[in-house]
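These numbers come from a predicted model, not from an experiment. Each chain gets a letter, A, B and so on, in the order its sequence line appears, and its residues count up from 1.
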Protein chains: 4
Amino acid sequence: MSEEPVPARLLSAATRLFAERGFDRTSVQEIVAAAGVTKGAMYHYFGSKDDLLHEIYGRVLRLQTEQLEKVVASGEPVSARLHAAASDVVVSSIDNLDDTTIFFQSMHQLSPSKRKAVRADRRRYHVLFRSLIEEGQRDGVFRTDKPADIVVDFFFGSVHHLAVWYRSDGRLSAQEVGTHYADLLVDSLRP
Amino acid sequence: MSEEPVPARLLSAATRLFAERGFDRTSVQEIVAAAGVTKGAMYHYFGSKDDLLHEIYGRVLRLQTEQLEKVVASGEPVSARLHAAASDVVVSSIDNLDDTTIFFQSMHQLSPSKRKAVRADRRRYHVLFRSLIEEGQRDGVFRTDKPADIVVDFFFGSVHHLAVWYRSDGRLSAQEVGTHYADLLVDSLRP
Amino acid sequence: MSEEPVPARLLSAATRLFAERGFDRTSVQEIVAAAGVTKGAMYHYFGSKDDLLHEIYGRVLRLQTEQLEKVVASGEPVSARLHAAASDVVVSSIDNLDDTTIFFQSMHQLSPSKRKAVRADRRRYHVLFRSLIEEGQRDGVFRTDKPADIVVDFFFGSVHHLAVWYRSDGRLSAQEVGTHYADLLVDSLRP
Amino acid sequence: MSEEPVPARLLSAATRLFAERGFDRTSVQEIVAAAGVTKGAMYHYFGSKDDLLHEIYGRVLRLQTEQLEKVVASGEPVSARLHAAASDVVVSSIDNLDDTTIFFQSMHQLSPSKRKAVRADRRRYHVLFRSLIEEGQRDGVFRTDKPADIVVDFFFGSVHHLAVWYRSDGRLSAQEVGTHYADLLVDSLRP
DNA sequence: AATGAATGAGAATTCATTCAT
DNA sequence: CATGAATGAATTCTCATTCAT
């Protein structure tokens, strides 16, 4: 049917199905049927169903980390960089809403060792984002009475939650939501 | 074994296990074993595993809605009422972290009809909370360039996310987190 | 609700449900709910679900045997008596189609000892009916090249089968079917 | 164990057990044990226990319809063709007494959609058989005061009932019973 | 690289029956 | 007479994974 290579087809079928029904409610049989291949083929490319999920996480994390690194390294004032980082992550979360849904509700279904790996990657992202806030606090641009950690968790809760309420056919574009969220974050940090 | 009635024992065993391992990864067998009863007893009181989850949701929603209604009806200035409402929901989410965990990751495992019922209850809560923001916007106390809906979703994402990062043996008490979150919310709404 | 005594209510609820869904597909819970009583009440009057079925069989068998005895003992010529007997059993099978359905498809669900008892009663009925044919054969009214046993089984197959195809809203009345069946039987025996 | 392929082994184990104990009283576990395979293997080939039953019905219906079509198409006089058709169906019902037993007592345990399919097949058989009677009625060979439909139902009741009383170690061979039944049918139709 | 038959462990649910009250 | 909580065994079906080909 498709010209895409088998592993990519499996990954996108799995992404769609995991987001739709959840990891546990999606059978390997359904994934391979949606990808138009057989079970044998899947187990040829991926060691387990778990591996598929892990690979999906990996893809998202790499993408978002790259984006964030670019923004952090730009020469803009810290306030503008935080605004851009926040807005970017919202837009990309909305653009990949299936990935966001999975992220937000399937982490605990990974095997412990893979969960640990994902958390470590996530941690790096978190630390990088936090460093922006800390920089602003040192520079006197952001308030200092809120621990930077708390602020990061506060904001990323909102981002993960997008998958719950955002509808692409709704009133607001991804960019508009990104701007609103970034405004709320940056303004909440005014000293 | 215990003096508590069977349904309550089942409900608390289920709450703990659903939070620990997720709804799909928890078997009815495990629940009844933890509650010290037989499967037949469980099906005597609850029509299905799904019912158990639905009941847990119902309990949380009733509790939080009651709290919110009290705060909304108090005579305080709107800004203080929003701060109290936000702080309260954070504290009660932390006090019942198992319920929060379940809420945030198992809703999509409810049967469609029950999911609809829960969403309707949730909606009422959301509307009530939103009305506080709208009131502040009308009174000129809060900025008007952010739709109240977006602000509510922004904030409740953060609240649901608490279950992901909050540890009761950590640095901050529930009350402290509540204050931080409420401050961030209210300050982000300064005109 | 009803003024009828509890055992009769149970029996008629069970008859209807067994005919509708079969013995194994009908739960005791459904029977007692349909009769408007509780399980305890049922077990007060009937020793088991099996007992209910046995009682239903008993009722039908007593009724049909009484009818047959009357016809056999009438002073009519044997050919008329066989015709009447055949027609009567068809009419009464149609009048009690639920009983007939149960008879025809649930005998093997009785416990072995009860099945034996029912078969013995059935046997008496069979022997009595057969005696009419044998009498006709001795008198030269009926052909003698067909064993009377075979003829009885041939005919009662047709009767049991009524439950499969007869519809009370159909073209033919019970009496008409009775006449047709009796004609076919008696005419098939012409020497 | 056996050289026969798995699906055939399952089918014959199921046939035997369904006839012995009835569909509802036979567990999938018993079937796969008798066939010497695992449950997983059964569900690999058959979608459900119901499918097994449906397949058994299909086999019988195809066989009997083929036989009947041959007889109907032969050049014999209609009376001889009806006699042969009747006799054949008796003999083949006795030769496959397990199938006949199942047919006669388990149809109502099929799922509604499958029951409909079986009934449609059965209907075609019925229509074909009836056409023989109608032909004889048009030709003046058979009486016309009995609807052909009624006659067919009358006769097939007798045939289904064979499973209830026929014993292969009894007095009469399948062929003898076939002849008796066919004689009774054809003679009952004499004008 | 890919197939598809087969496994085996475990899932949720049902149900006739008992028994203390 | 009647209740309804509780039992415990059985039931159908699902599924990730393996492996010979």
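- Here the side chain of B:R21 pairs no donor or acceptor atom with the backbone of B:T26 at under 3.5 angstrom.
- Using Watson-Crick or G-U wobble geometry with both donor-acceptor distances under 3.5 Å, F:dT11 finds its partner in E:dA12.
- Between A:H161 and B:H160, the distance separating the two ring centers is shorter than 6.0 angstrom.
- Less than 4.0 Å separates DNA chain F from at least one heavy atom of each of the following residues of residues 42-59 of chain D: D:Y43, D:S48, D:K49.
- Residues from residues 15-33 of chain D with heavy atoms under 4.0 angstrom of DNA chain E: there are none.
- Judged by atom type and distance alone, B:K39 does not reach the base of F:dT7 through any side-chain donor-acceptor pair under 3.5 Å.
- For the atom pair CZ (B:F23) and CD1 (B:I102), the distance works out to 10.0 Å, reported to the nearest 0.5 Å.
- Partner assigned to F:dT21 is E:dA2, using Watson-Crick or G-U wobble distances below 3.5 angstrom.
- Contact annotation: the side chain of D:F103 approaches that of D:L61 to within less than 4.5 Å [non-hydrogen atoms, C-beta and beyond].
- Remark on DNA chain F: of its neighbouring residues C:T38 and A:G40, the 5'-side contact belongs to C:T38, judged by nearest-heavy-atom nucleotide.
- Looking only at side-chain heavy atoms (C-beta outward), A:R16 and A:E20 come within less than 4.5 Å of each other.
- Between B:T38 and B:V32, the closest side-chain pair of non-hydrogen atoms is not below 4.5 Å.
- Between the side chain of A:D50 and the backbone N or O of A:S111, at least one donor-acceptor pair lies under 3.5 Å.
- A donor-acceptor pair under 3.5 Å is formed between the side chain of B:S48 and the backbone N or O of B:D51.
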